[in-house]
Amino acid sequence: MAAAALAGLIPVLHSVAGDKSGYYIGRQLWFGFMAVYGVVVYVVRMPWSPIHEDFWCHGNISNPCLVECFENRFSSPVVGIWYFFFFLFLALFFLMEFVMAQIRHKQVKVKSVESVAGEVEEGSMVGIQEHIPSPKKSILNFHQEKMLLLLYLLYFLLQVGTQCVFLFFLICHHLPLVSQAIIQCRTESCPGPYLCLIRGTMEKRMSIYTLITLSFMIILCCSGFFMYSIHHYLLKGLSTAKFWFG
């Protein structure tokens, strides 16, 4: 199912990313992050797929006690949380993409109306009839639209916040689950104690390290874009305004 979803997502990303308009900074980079994020989540989940088969306990242990020891050890979801934060990453990006596209559409529409109005004033009715609208590259001007800039900055803050929470789950919850291959199990209904083994702990740790690295990369990119936008659009714009009007 995950492979089919990823295979269905690739043509969509390819078609949308094929738009070279680049009407805001970093658009192509975020499409690349989406593709890399999806591939990484699909690959790193593979060592965790047979987790039930990788859990064994020594001694004369019954199946109910084996299941209880497994549930006691893996009491919180692992791969499901990875999918959830991948969904949040996609949802935040597509929400920003939708807002930017709507604002860009309004700008193009206003410019076309102004162009037609200018031709009407000049009396070139023949030119209006022969006029064929062609898509023009429209870049959102963050220097003038401060509310749009704040929305752009809010997107980076939300991405950094979600990735920090994701790092907390990875480091504090998921990594300790496979920090050691042999564990002791003792519950109320199965006093034991039983020595249980988790196979493939190295591969499982490497999958978590890969996600940690990816999250750090996203946080660094978001922080870089955030600081660049504040410097270029806010601080630099204010200094330029003071130079001309001060």
- Any donor and acceptor pair, going by atom type alone, linking the side chain of Ser215 with main-chain N or O of Leu211 inside 3.5 Å?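 Yes.
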- For the side chain of Arg205 and the backbone of Leu175, is there at least one donor-acceptor N/O pair under 3.5 Å apart?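 No: the side chain of Arg205 does not pair with the backbone of Leu175.
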Between atom [atom1] of [X] and atom [atom2] of [Y], what is the distance when rounded to the nearest 0.5 Å?
X      : Y      : atom1 : atom2 : result
Leu92  : Gln163 : CG    : CD    : 9.5 Å
Thr162 : Phe89  : OG1   : CZ    : 8.5 Å
Tyr83  : Tyr42  : OH    : OH    : 8.5 Å
Cys69  : Ile61  : SG    : CD1   : 4.5 Å
Leu95  : Leu90  : CG    : CG    : 12.5 Å
Trp30  : Tyr155 : CH2   : OH    : 4.5 Å

- Message: Restricting to side-chain contact (heavy atoms from CB on, under 4.5 Å), what partner residues turn up for Ile171, sequence neighbours left out?
- Response: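 For Ile171, the residues satisfying side-chain contact (heavy atoms from CB on, under 4.5 Å) (neighbours in sequence not counted) are Ile212.
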Given side chains that start at C-beta, do those of [X] and [Y] come closer than 4.5 Å, heavy atoms only?
X      : Y      : result
Pro191 : Thr187 : no
Pro64  : Val67  : no
Ile198 : Thr201 : yes
Phe94  : Phe98  : no
His174 : Ile81  : yes
Val178 : Ile208 : yes
Leu153 : Phe225 : no
Leu197 : Arg199 : yes

- Could you walk me through whether Cys190 and Tyr194 pass the side chain to side chain contact (heavy atoms under 4.5 Å, CB included) test, one step at a time? CA-CA 9 Å; Cys190 302; Tyr194 300 103; 4.1 Å; yes
- side chain to side chain contact (heavy atoms under 4.5 Å, CB included) assessment of Ser207 paired with Trp82: CA-CA 11 Å; Ser207 64; Trp82 300 352; 4.0 Å; yes
- Query: Do Phe93 and Phe31 make the cut of ring centroids closer than 6.0 angstrom?
  - Reply: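 When the ring centroids of Phe93 and Phe31 are compared, they turn out to be within the sub-6.0 Å range.
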- Item | Exercise: identify the closest heavy-atom pair between Pro176 and Arg73 |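 Of all heavy-atom pairs spanning Pro176 and Arg73, the closest is O-NH2, 3.1 Å.
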- Query: Partners of Ser49 by side-chain hydrogen bond (donor to acceptor under 3.5 Å, both in side chains), sequence neighbours excluded?
  - Reply: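 For Ser49, the residues satisfying side-chain hydrogen bond (donor to acceptor under 3.5 Å, both in side chains) (neighbours in sequence not counted) are Arg45.
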- Query: For the residue pair Tyr152 and Phe156, does the interplanar ring angle fall in the parallel (under 30°), tilted (30 to 60°) or perpendicular (over 60°) class?
  - Reply: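 Tyr152 and Phe156: perpendicular rings.
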- Any chance the side chains of Ser189 and Glu68 put a donor and an acceptor closer than 3.5 Å?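 Note: Ser189 and Glu68 side chains meet the donor-acceptor criterion.
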- Leu195 with Leu66, same ILVMFWY side-chain cluster at under 4.5 Å: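 Different clusters.
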- Task: Give the cluster check for Phe33 versus Leu220: same hydrophobic cluster or not, with ILVMFWY residues linked at side-chain heavy-atom distances below 4.5 Å.
- Result: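 No, because Phe33 and Leu220 fall into different hydrophobic clusters, even though each may have its own neighbours under 4.5 Å.
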- Query: So among Phe86, Phe216, Phe85, Phe87, which one has a ring-ring contact (aromatic ring centres under 6.0 Å, His included) with Phe166?
  - Reply: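 For Phe166, the ring-ring contact (aromatic ring centres under 6.0 Å, His included) check succeeds only for Phe85.
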Please report, to 0.1 Å, the donor-acceptor pairs under 3.5 Å made by any side chain of residues 50-59, with sequence neighbours excluded.
| from | atom 1 | to | atom 2 | distance (Å) |
| --- | --- | --- | --- | --- |
| Asp54 | OD2 | Lys204 | NZ | 3.0 |
| Trp56 | NE1 | Glu53 | O | 2.8 |

- Query: When you look at CE of Met46, are more than 12 heavy atoms from neighbouring residues, nucleotides or ligands closer to it than 6.0 Å?
  - Reply: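 Counting other residues, nucleotides and ligands, CE of Met46 exceeds 12 neighbours.
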